[in-house]
Number of protein chains: 2
Amino acid sequence: MARDDESFKEATLSDAIPAGDGAPTTHSQRSHKAAPTIYDIAELAGVNPSTVSRALSKPGRVSVKTQKRIEDAAAELNYRVNVFARALPTGRTNTLGLIVSDITNPAFFDIIRGAEEAAAERDYTLMLAESTESAERELTVAQRMAATVDGIILASPRLGDEQIRQLATNKPVVVVNRQVDSITSLVADIDAGVTDAVRHLAALGHTKLAYVGGPEQSWMSSRRWESIQARCAWSSLEVSLVAAGMPTVDGGSKAATAVRADGATAVFCYNDLMAIGLMRELQLAGIRVPDDLSILGFDNIFGSDFTTPPLSTIKSPLRESGGGAVRRMLDELDGSASSTMSPVLRTELVVRGSTGRVSQEK
Amino acid sequence: MARDDESFKEATLSDAIPAGDGAPTTHSQRSHKAAPTIYDIAELAGVNPSTVSRALSKPGRVSVKTQKRIEDAAAELNYRVNVFARALPTGRTNTLGLIVSDITNPAFFDIIRGAEEAAAERDYTLMLAESTESAERELTVAQRMAATVDGIILASPRLGDEQIRQLATNKPVVVVNRQVDSITSLVADIDAGVTDAVRHLAALGHTKLAYVGGPEQSWMSSRRWESIQARCAWSSLEVSLVAAGMPTVDGGSKAATAVRADGATAVFCYNDLMAIGLMRELQLAGIRVPDDLSILGFDNIFGSDFTTPPLSTIKSPLRESGGGAVRRMLDELDGSASSTMSPVLRTELVVRGSTGRVSQEK
DNA sequence: CAACATTTGGCAACCGGTTGACAAAAGGCG
DNA sequence: CGCCTTTTGTCAACCGGTTGCCAAATGTTG
């Protein structure tokens, strides 16, 4: 029963040990390292390995009596299942991949934490990776992940719809902050927040607005722009897309000249990071926020209230999106893919100091 | 040669497909999904599977002629090695784990990116996880990781030395920002930066300094404190540890009262985040930085120059630490563990606006 | 108590690579 | 050309679980 080739698996481990004494030592060193297997448990419990396997993974397939005996033996040996051995025949790894476009973007912090939480809840491990805002890299990373995870969650992907569908033919995919036909998608309802925001600005006397967009491949940026346009049209306000750039502080700074040239009195930025960058840059140029210009961000990231003035923003349910995506994925994997809609994710206007009454002396 | 139980591995995939037609379809659906194996290559190239295995992983073990034939066949089939099948007998996964204490801390951004880069360079995948500043969680995460990675890198670990050594008996461990006996450690030389900083403050007329520490389990926080004490003693400056807290913006804010009570004219903070929080809180209370009080951070994280005034700080070689840790680990795994020291990592004073001449009217 | 239905456990094949041992083939040399 | 060394490829066992199939054990019922 005991395999006679134990030297096999420990080869790499002993390599790591500084070259020392001769062969004899090697043996004793190994003994306490070899991880227990179901064969060891089987022997200890006096049953067949397959029975152990069933006891440990197929609830109810084995009588309570043997179940108990096996569990005790497993506990005694401090048994841990070998994930590779399990994955080989089944293909299941109990691991989910999450790809974000930029780990330094606080908007993803909550998405990540929400996902992490939901995964842990159902005993799954989350594997995190970033695409650094590059579609190409995103594909590479996703394909590499596909080999080892049970499903992939793409948060704000930069990939094209077709590539995403392609990816989904290998492993289930759930997309956050993007709508892709025939792919499970989670998108918060942004109209709610935008509606409130436009109403808020109108009430403050603004009539000429502007939007600073994010990356061109960003579905969410276009979506926000559409929503803003629609609500402005409804309220008979003028609005134009004045710039677009990286969804970062730096990207926001770079939009400053375009914003000044446009002459709008209030500006929506694709996200808080850009809003912060824009605000900083304008302030350096002597423009007062909100007296001369009102600025609005999206997302309500951690730290958006640290600026002076604190940023008014349209809050996104980030944590809920991350958690929701994982739960949807896990339901799909379990087959309990309730076609029921995921909980509605709503956005909400958060008014702070960066929006104010339009100034008279303009 | 062809295995007759192909239904085996695809079970989960077909589960994901909406329940549809009966059994017959199942067959045709599978055909184009089954990933090619070395057995397929062997057949196509007319050799034994083991020869394929050798050609693909043991350079030089096979004649150039067959090597070419096999590579062509592999390319034609678009073969990708099954990592689980490989990991089962060898234990090697070509994956490294990186555990940070807090993914929202910008100090880790560069460590992560540096590590990511170095790993990609040598065809390793990086698996990222965070301990959310909890020693217990760090252990859980590390143990979970240990099962699937070739080595673990701990960045600013909260674990005790003994636990780290314990962990290292299973898988090689490299520690960043901490020194642990008998464990490979990477720590930047902080004395250089601290020396310059103390000299800088002394030149500005400060005589009474303070230090706001990080978490108690933080080895780095103690180390910085020691260094500061030593340099102050050398320059005959008074210095005291006035507070300690979470290494976050919030933790810094909370130290404000203690700092005010202490009466020092210049404060070192454990890291930039705390420095930013402290500065904000003090400014809200009407204290002028640097006129009333000088503030210094550590690390020079992204954004530390966004504050008003921009933060003076002691820069850490974060990216180099991350990359260096991965390279050390990989060298160890390859057996080429050159006992040669890793490149020296130096810190450096960055003077910006938060440090200034001590005010007279105090 | 016999006949039948249902649990429960064991056997063996299998997932897809890796590797030690060995034999066949190729190359070198006198 | 024969003998010996080296290279190259094959065989078969193995990593550690999972699962279809079957037989034994157990339970149920008339």
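Chain letters run A, B, ... following the sequence lines, proteins first, then strands; residues in each count from 1.
- Looking at residues two or more places apart in sequence or on another chain, you find no salt bridge (charged side-chain N to carboxylate O under 4.0 Å, His left out) involving E138(B).
- Looking at heavy-atom distances under 4.0 Å, T51(B) makes contact with a base.
- In this structure, D40(B) places its CG atom 13 Å from C1' of dC15(C), rounding to the nearest Å.
- Comparing atom distances between the S50(A) side chain and each of dG17(C), dG16(D), dG10(C) picks out dG10(C) as nearest.
- Remark: I183(A) engages I164(A), R165(A), A168(A), V173(A), V175(A), V180(A) in a side chain to side chain contact (heavy atoms under 4.5 Å, CB included) (not counting sequence neighbours).
- Side-chain contact between Y79(B) and D40(B): absent, with no pair of heavy atoms (C-beta onward) separated by less than 4.5 Å.
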For nucleotides 5-7 of chain C, print each protein N/O atom paired with a nucleotide N/O atom at under 3.5 Å, atom names and distance only.
none

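- Residues satisfying the side chain to side chain donor-acceptor pair (under 3.5 Å) test with T37(A), not counting sequence neighbours, are none.
- Residues satisfying the side chain to side chain donor-acceptor pair (under 3.5 Å) test with T184(B), not counting sequence neighbours, are E332(B).
- Taking every heavy atom of residues 54-71 of chain B and every atom of DNA chain C, pairs under 4.0 Å involve R54(B), S57(B), K58(B), by number.
- The distance from atom CG of N94(A) to atom P of dT18(D) is 11 Å, rounded to the nearest whole Å.
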Worked verdict on E130(A) versus R137(A) for salt bridge (charged side-chain N to carboxylate O under 4.0 Å, His left out): CA-CA 9 Å; E130(A) 71 165 338; R137(A) 193 166 153 64; over 6 Å; no
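- Listed pair S53(B) / dT18(C) meets the phosphate criterion, a side-chain N or O lying under 4.0 Å from OP1 or OP2.
- Phosphate contact (OP1/OP2 of dT18(C), side-chain N/O of Y39(B), threshold under 4.0 Å): absent.
- Here dT19(C) presents its P atom at 11 Å from CZ of R92(B), a figure rounded to the nearest Å.
- Evaluation of the salt bridge (charged side-chain N to carboxylate O under 4.0 Å, His left out) rule for R80(A) yields no partner, not counting sequence neighbours.
- Under the salt bridge (charged side-chain N to carboxylate O under 4.0 Å, His left out) criterion, K58(B) pairs with no residue at all, not counting sequence neighbours.
- The side chain to side chain donor-acceptor pair (under 3.5 Å) search around T93(A) returns D150(A), not counting sequence neighbours.
- Nucleotide dG17(C) holds its C1' atom 8 Å from the CG atom of L88(A), rounded to whole Å.
- As a whole-Å value, the separation of N48(B) CG from dT19(C) C1' is 12 Å.
- With sequence neighbours left out, the salt bridge (charged side-chain N to carboxylate O under 4.0 Å, His left out) criterion links R327(B) to E121(B).
- Rotation axes derived from the C1' atoms of the five outermost pairs at either end of the helix from dC1(C)-dG30(D) to dG30(C)-dC1(D) lie 30° apart, to the nearest 10°.
- Protein atom CZ of R86(A) is 18 Å distant from nucleotide atom C1' of dG16(C), rounded to whole Å.
- dT19(C) atom C1' lies 11 Å from atom CD1 of I38(B), rounded to whole Å.
- Here Q166(A) pairs with nothing under the side chain to side chain donor-acceptor pair (under 3.5 Å) rule; sequence neighbours left out.
- When rounded to the nearest whole Å, the span between CG of N82(A) and P of dT18(D) equals 10 Å.
- R158(B) and S131(B) share no donor-acceptor pair across their side chains, judged by distance under 3.5 Å alone.
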